[in-house]
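Written below as structure tokens is the structure these notes are about.
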Amino acid sequence: MISLKNIEKTFQTDSIETAALSEISLDIKKGEFISVMGPSGCGKSTLLSIIGLLDIPTKGQVLINNESPLDYKDAKLSAFRNKMLGFVFQSFHLINDLSVIDNVELPLLYRRISGSERKQKALAALEKVGLSNRIDHYPSQLSGGQKQRVAIARAIVGQPEIILADEPTGNLDSHMGNEIMEILQNLNETEKTTIVMVTHDESLARKTNRLIRLFDGKQVF
Amino acid sequence: MLKNYFKIALKVLNRNKFFTFVSLFGISITLMILIVLSSLYDSSFGAYGPEKKLNRMLFINQVKFSDTKGNHLMFGSSSNYFLNKTAKNLKTPETVSITTEFISADCYVGDRKISLIKRYTDVAYWNILEFDFLQGRPISNLDIENANKVAVISRKAGLEYFGNLSCIGQKINIQNEFFTVIGVVEDVTISKFYSFSHIYLPYTTSGIDYSIPALGGNCLALILAYSRRDFDAIQTEYQKITDGFQFYDPESYNHVNARALTYYDSIFQNPDDESTLIYEKALYIVLLLLFMAFPAINLINMNVTRIIERSSEIGIRKSFGASIRTLMWQFIVENVIITLLGGILGFIMAAIVIKTINSSGVIPYLILSINFILFFYALGITIFFGLFSGIYPAWKMSKLQIMHVLKIDKQ
């Protein structure tokens with residue numbers, strides 16, 4: 001499903017070149033739940049953003065379903081990202097000016113579907129994360145755990161094949177963290193959604209199918 | 001999608017009240033000034049009041065006489081004699097009138113002095129201009145031929161001199177000469193340079209001997225063409241006539257530079273140099289564009305700042321599939337909404353200012369109004385602001401790195 005071939009990523013500042021990732025090759029099968037671990041600054045989030053087509057590798061190739069979407073022009077790449085990928089961020093990244101339902105509907109705005117269908121799908125997604133009673137609330141009125149559940153509903157509303165979660169429990173207490181993890185596991189098991197999750201939590205990582213460790217931008221095992 | 005943009009736009013407006021105030025203030029003030037200025041322009045240069053046939057009219061008001069040696073030069077209004085020998089001989093137009101500029105005239109009611117304005121006219125003047133007669137009639141051929149001491153007066157003159165408008169047949173003392181009132185017309189604003197006056201008299205009562213071949217004077221010619229299409233032909237014919245003008249004393253003056261111009265050109269012309277007119281017009285257009293650009297630049301500046309504030313939202317939208325083009329549209333739509341709101345405010349403010357000007361009498365007898373053409377122009381300008389001020393920030397926004405903006409924004 002996802003194939004990374006010899007990925008390298010370097011960041012160039014005025015005089016210093018920093019290697020964030022080097023020689024990363026990885027194959028992820030459809031329906032896998034993978035966790036990525038490593039110390040801060042080892043390149044976990046960079047790897048996730050490259051898989052998520054949010055960043056371009058300096059070298060190497062990203063294939064998703066045997067397509068090379070990074071070669072696409074912006075409009076096609078955006079449509080591909082919209083259809084295939086859902087993101088869950090550590091700091092939730094909800095739009096504060098929009099209500100819960102409007103936040104969840106966001107990915108569907110970039111598809112040709114009617115307003116009523118959009119609402120229906122958003123309600124179904126919120127139902128899955130147990131937040132259908134908060135649709136008219138605003139992010140500022142929610143707890144951290146509730147915000148992350150809204151973020152997950154937004155990630156799954158378009159039924160993407162891949163969910164990329166960047167430390168989804170990082171800002172939550174262990175109880176909330178476990179709840180979020182359960183939602184992700186459930187999603188993986190029932191919907192067969194492929195999930196790549198960056199985490200610092202060893203116990204959460206153990207619950208996934210496979211663990212990838214990074215150190216200084218390299219895959220260690 | 002549009003509903004979502006609209007929601008966001010309103011939220012953004014509400015969230016940053018200072019930004020909203022400065023943006024709306026810039027747009028609405030600019031539009032208000034534009035509408036009021038256009039309205040002033042329209043009422044001064046438009047076909048209103050007695051000058052309803054303005055679009056078919058040409059004017060000769062500034063004439064330059066000189067000699068080839070460069071010893072003599074005279075510039076200004078010309079004499080009745082000169083216009084009679086030149087403009088009156090035009091064959092192409094429908095009719096030609098000669099009138100004087102407006103002249104101050106002290107009128108007396110007993111010992112009380114009333115300062116009014118008079119002008120001398122011929123019969124054609126009343127055919128070309130369409131005065132709104134409240135009482136009586138215009139000056140006739142007979143009045144001209146017999147040099148009848150008759151006067152057509154304005155509403156203001158009637159009210160100030162007689163205290164009422166039922167003054168037909170009554171005598172008015174103009175600089176110690178008595179004239180019988182034969183007509184009363186509605187007031188004309190001073191910005192209507194060719195039709196404004198308080199008192200209109202037959203030119204044959206001025207006491208000037210028009211057979212004397214004077215060059216300079218205080219006369220103007222109003223030319224009514226059958227259609228605008230005839231303007232070129234009239235101007236060419238007039239050029240030919242003035243080229244052949246016989247000077248009484250060629251030793252002093254033997255060259256004339258006189259042109260039949262449209263209303264706008266006749267007010268702003270530099271008769272010495274035709275090209276100046278083009279430069280002046282270009283200058284006005286540039287100034288107008290600059291004036292309109294200020295709020296747009298202000299909006300661009302504000303919007304670029306706003307991008308930093310909204311970079312997280314942009315990152316989120318991009319990561320969930322918004323293309324650069326979609327995001328640009330979102331910004332543009334938001335800006336159009338803001339500018340339309342500014343536009344509505346501008347219209348309301350302009351309407352208040354115009355109403356205040358009308359009722360204050362700052363410019364006597366001037367009645368300003370917002371017409372539909374102006375309304376649509378202003379609407380167009382407003383949308384232009386919205387588009388123009390949205391495109392650059394949107395382009396700048398599209399350059400943002402998604403991960404970078406999402407990382408720096410930790411909620």
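Just so you know, these numbers use all the heavy atoms, side chains as well, and skip hydrogens, waters and symmetry mates. Labels below follow one simple rule: chain letters A, B, ... track the order of the sequence lines, proteins then strands, and each chain is numbered from 1.
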Part of A:Phe89 within contact of chain B (heavy atom distance under 4.5 Å):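 Contact with chain B: side chain only.
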Is A:Tyr138 close to chain B through its backbone or its side chain, or both, or neither, when contacts mean heavy atoms under 4.5 Å?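 For A:Tyr138, the contact with chain B is made by the side chain alone.
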Just wondering, more than 12 heavy atoms not from [X] lying within 6.0 Å of its [atom1]?
X        : atom1 : answer
A:Asp173 : CG    : yes
B:Lys52  : NZ    : yes
A:Lys30  : NZ    : yes
B:Leu37  : CG    : yes

Quick one: do the B:Thr326 and B:Ser323 side chains pair a donor with an acceptor below 3.5 Å?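 Yes, side-chain donor-acceptor contact under 3.5 Å.
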Check this for me, if you would: do A:Lys9 and A:Asp55 make a salt bridge, where the nitrogen-to-carboxylate-oxygen distance has to be below 4.0 angstrom?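 Answer for the salt bridge query: yes.
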Side chain to side chain contact (heavy atoms under 4.5 Å, CB included) partners for A:Tyr72, two or more places apart: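 So A:Tyr72 forms a side chain to side chain contact (heavy atoms under 4.5 Å, CB included) with A:Glu67, A:Pro69, A:Lys76, A:Leu77, A:Phe80.
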Which residues, numbered in order, of residues 191-200 of chain A come under 4.5 angstrom of chain B by heavy-atom distance?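 Those residues of residues 191-200 of chain A which would need a heavy atom under 4.5 Å from chain B do not exist here.
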